[in-house]
Amino acid sequence: MAKRKNVTWRVGEHPEHAKINRWLDKQKNIQDSMANVVLHMIDQYGYVNITDYQVQKQLYGKITEIKQPIEEEQQIEKQEKSPEKSKDIKEDKEETSEDDVFRGVDPDNL
């Protein structure tokens with residue numbers, strides 16, 4: 001097993017470098033954050049190549065379960081503290097809820 005002291009990452013060459021840099025800018029300590037991500041991946045999948053098909057299948061299955069990023073949740077919480085905006089937000093959510101199986105059903109036709 002190789003003993004690494006440093007790992008170099010050319011973020012600017014990645015196709016989604018803007019997203020990566022935005023995330024990195026939010027970290028108080030990039031080294032700790034990256035170690036945390038790697039340790040989480042080890043806990044979830046073990047010592048495997050993350051690009052293996054079976055790992056990708058599991059990983060993207062979990063990602064699709066996530067409804068929205070944390071930043072958006074925080075903005076919604078701030079808006080809900082305002083009573084006038086809260087009512088409008090709740091009404092909009094009720095009208096556009098993807099989980100509403102009866103959306104579009106006319107109760108008079110039942």
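When reading the values below, keep in mind they use all heavy atoms of this one structure, side chains included, and skip hydrogens, waters and symmetry mates. Since the structure is predicted, the reported quantities are computational estimates derived from the model, not experimental observations.
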Original post:
Do Y45 and D52 pass the side chain to side chain contact (heavy atoms under 4.5 Å, CB included) test, and can you show the C-alpha distance, the side-chain angles, and the key distance before you say yes or no?
Top reply: CA-CA 11 Å; Y45 305 103; D52 285 346; over 6 Å; no
Looking at [X] and [Y], what are the two nearest heavy atoms and their distance?
| X | Y | value |
| --- | --- | --- |
| N49 | V55 | O-CG2, 4.0 Å |
| S33 | Q27 | OG-OE1, 2.8 Å |
| M41 | L59 | CE-CD1, 4.2 Å |

**OP:** Identify, with sequence neighbours excluded, every residue that meets salt bridge (Lys or Arg N to Asp or Glu O under 4.0 Å) alongside K28.
**Re:**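 Counting only residues at least two positions away or on another chain, K28 forms no salt bridge (Lys or Arg N to Asp or Glu O under 4.0 Å).
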**OP:** Would you give the length of the straight line joining atom NZ of K3 to atom CE of M1, rounded to the nearest 0.5 angstrom?
**Re:** 7.0 Å
Original post:
Distance from I20 atom CD1 to R22 atom CZ, nearest 0.5 Å?
Top reply: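 Nearest 0.5 Å value for the CD1-CZ distance: 13.5 Å.
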Subject >> Hydrophobic cluster identity match, V48 and I50, side-chain contacts under 4.5 Å >> reply: yes
Original post:
Taking a hydrophobic cluster as the set of Ile, Leu, Val, Met, Phe, Trp and Tyr residues connected by side-chain heavy atoms closer than 4.5 Å, whether directly or through intermediates, do Y47 and V38 fall within one such cluster?
Top reply: yes
Subject >> side chain to side chain contact (heavy atoms under 4.5 Å, CB included) assessment of V37 paired with W23 >> reply: CA-CA 12 Å; V37 169; W23 183 84; 4.2 Å; yes
Original post:
Taking it one step at a time, do H40 and Q44 satisfy side chain to side chain contact (heavy atoms under 4.5 Å, CB included)?
Top reply: CA-CA 6 Å; H40 176 75; Q44 293 295 309; 3.6 Å; yes
Original post:
Of all residues at least two apart in sequence or in a different chain, which pass the side-chain hydrogen bond (donor to acceptor under 3.5 Å, both in side chains) check with D43?
Top reply: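 D43 satisfies side-chain hydrogen bond (donor to acceptor under 3.5 Å, both in side chains) with no other residue.
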Original post:
Short question: side chain of N36, backbone of D32 - any donor-acceptor pair under 3.5 Å?
Top reply: no
